[in-house]
Number of protein chains: 2
Amino acid sequence: MVDSEDKLDSELISGDELVKIFDALSHPMRIKIMATLKEHRQHVSELARMVNISRPLLYMHLQKLESAKLVKSSMEISEGGKAMKFYAAVEFEILVNPKLLTAASESIQE
Amino acid sequence: MVDSEDKLDSELISGDELVKIFDALSHPMRIKIMATLKEHRQHVSELARMVNISRPLLYMHLQKLESAKLVKSSMEISEGGKAMKFYAAVEFEILVNPKLLTAASESIQE
DNA sequence: AACACATGTAATAATATTATTACATGTGAA
DNA sequence: TTCACATGTAATAATATTATTACATGTGTT
């Protein structure tokens, strides 16, 4: 298992999933969140301070990113015994071009 | 000038432009429009029939795609003498991965 | 007990996006 | 002149997204 266990496989992305990914990346704050999480995983409260938005708003953005499978979360108990929810960026690589869009189009439900 | 004259150069895309591109591609109908225009350029009324939506709604979608520079338009006078506005897909290729998002993040204005 | 820090969500407000309808204009052909 | 087909947009309605505020709950430290 040399390769990363949770890399998003661009071959297996359906049209609907691709639209979800574009939607997730269509807001500047979510780009900033992805960039921040790429450096290092963070727990929600700390991440909210880092990107300078309220925690409820951050939750909303994280949910979009998570439903697009661009981040993943895990609850952990710190040494202090406090519950902390960590978010990490998922590795992925998608070559976006007209050909991909054509393929995506064929697997979209309307 | 062997290479295409209007290929979108992914090296020169700013963070704001990238967000615009993601936004343009975040709707199933716009994916369908891109796929349709990749086959062949079309004028607005014909395209509206092909993708089965109203012309005003199509205009809205086309404006988003055009402002993201994914399509381009040109007015032409047909043999019959009627004005027709043609839209064509622009060639592009963007490798989307966390590294790109980090670079984009650094050039986003908030 | 009061404080600092954590998760989580409900309710609402403010904005933006998406979609429809109706209209105005122009051309060429029947 | 009426018809078929084209562009273009204004006004509005319906939905969805984004953002804020206020709460409830739990843990460890002072």
Side-chain angles (χ1 to χ4, degrees), chain A residues 16 19-34 36-37 40-68 70-88 108-110, chain B residues 16 19-34 36-37 40-68 70-88 108-110:
Chain A
D16 299 277
V19 169
K20 247 187 170 177
I21 289 170
F22 289 140
D23 190 47
L25 297 177
S26 71
H27 192 289
M29 180 51 72
R30 291 194 288 269
I31 300 291
K32 191 174 178 180
I33 290 168
M34 287 299 293
T36 304
L37 290 181
H40 203 286
R41 67 174 205 157
Q42 299 291 348
H43 69 268
V44 177
S45 292
E46 178 64 12
L47 182 56
R49 284 187 292 265
M50 290 176 86
V51 300
N52 203 39
I53 60 174
S54 71
R55 206 161 38 82
L57 183 53
L58 177 57
Y59 268 108
M60 186 275 285
H61 287 306
L62 286 172
Q63 271 167 30
K64 284 218 161 184
L65 289 169
E66 191 165 25
S67 88
L70 298 178
V71 303
K72 56 175 186 148
S73 64
S74 59
M75 272 290 273
E76 293 180 24
I77 308 298
S78 69
E79 309 106 54
K82 285 179 187 168
M84 306 231 278
K85 188 171 193 177
F86 280 89
Y87 274 89
I108 283 177
Q109 346 281 353
E110 39 221 305
Chain B
D16 299 277
V19 169
K20 247 187 171 176
I21 290 170
F22 289 140
D23 190 46
L25 297 176
S26 71
H27 193 289
M29 180 52 71
R30 291 194 288 267
I31 300 291
K32 191 175 178 180
I33 291 168
M34 288 299 293
T36 303
L37 291 181
H40 202 285
R41 67 174 206 155
Q42 300 291 347
H43 68 267
V44 178
S45 292
E46 178 61 13
L47 182 56
R49 285 188 292 266
M50 290 175 86
V51 301
N52 203 40
I53 60 175
S54 71
R55 205 162 37 83
L57 183 52
L58 178 57
Y59 268 108
M60 186 275 284
H61 286 306
L62 285 173
Q63 271 167 31
K64 281 217 161 183
L65 289 169
E66 191 165 25
S67 90
L70 298 178
V71 301
K72 57 175 186 149
S73 65
S74 59
M75 272 291 271
E76 293 180 23
I77 309 298
S78 69
E79 309 105 56
K82 285 177 185 167
M84 306 230 279
K85 188 171 194 177
F86 280 88
Y87 275 89
I108 283 176
Q109 348 281 357
E110 41 220 303

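Residue numbering restarts at 1 for every chain, and letters A, B, ... go by the order of the sequence lines.
- Across all their heavy atoms, A/Met84 and A/Ser78 have their closest contact at CE-CB, 4.1 Å.
- Closest non-hydrogen pair, A/Ala24 versus A/Lys64, comes out as CB-O, 3.8 Å.
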Could you check A/Gln42 against A/Leu37 for side-chain contact (heavy atoms from CB on, under 4.5 Å), going step by step and ending with a plain yes or no?
CA-CA 7 Å; A/Gln42 299 291 348; A/Leu37 290 181; 4.1 Å; yes
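- Using cut-offs of 30° and 60° on the angle between ring planes, the pair A/Phe86 and A/His43 is perpendicular.
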Residues A/Leu25, A/Leu70; criterion side-chain contact (heavy atoms from CB on, under 4.5 Å); working and verdict:
CA-CA 9 Å; A/Leu25 297 177; A/Leu70 298 178; 3.6 Å; yes
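- Helix-axis bend for the helix from C/dA1-D/dT30 to C/dA30-D/dT1: the local axis fitted to the five terminal pairs at one end deviates from that at the other end by 10°, rounded to 10°.
- Checking B/Glu66 against B/Ser73 by side-chain atom types alone, a donor-acceptor pair falls below 3.5 Å.
- Taking atom CD1 of residue B/Ile77 and atom C1' of nucleotide D/dC5, one finds them 14 Å apart after rounding to whole Å.
- The span of DNA chain C lying next to chain A, judged by atoms under 4.0 Å from heavy atoms, is bounded 5' to 3' by C/dA6 to C/dT9.
- DNA chain D is contacted by both A/His61 and B/Phe86; B/Phe86 maps to the nucleotide lying nearer its 5′ end (nearest heavy atom per residue).
- Proximity of residues 41-48 of chain B to DNA chain D (heavy atom under 4.0 angstrom from any strand atom) is restricted to B/His43, B/Val44, B/Ser45.
- To the nearest 0.5 Å, atom CE of residue A/Met34 and atom NE2 of residue A/His61 are 14.0 Å apart.
- B/Phe22 and A/Phe22 have parallel rings, their planes meeting at less than 30° on a 0 to 90° scale where 60° marks the start of perpendicular.
- Heavy atoms of B/Lys85 sit under 4.0 angstrom from primed sugar atoms or phosphate atoms, though from no base atom.
- Under the side chain to side chain contact (heavy atoms under 4.5 Å, CB included) test applied with B/Tyr87, the options B/Leu65, B/Thr36, B/Leu58, B/Leu62 reduce to a single match, B/Leu62.
- Nearest heavy-atom pair, B/Ile33 versus B/Val51, reported as atom, atom and distance to 0.1 Å: CG1-CG1, 4.3 Å.
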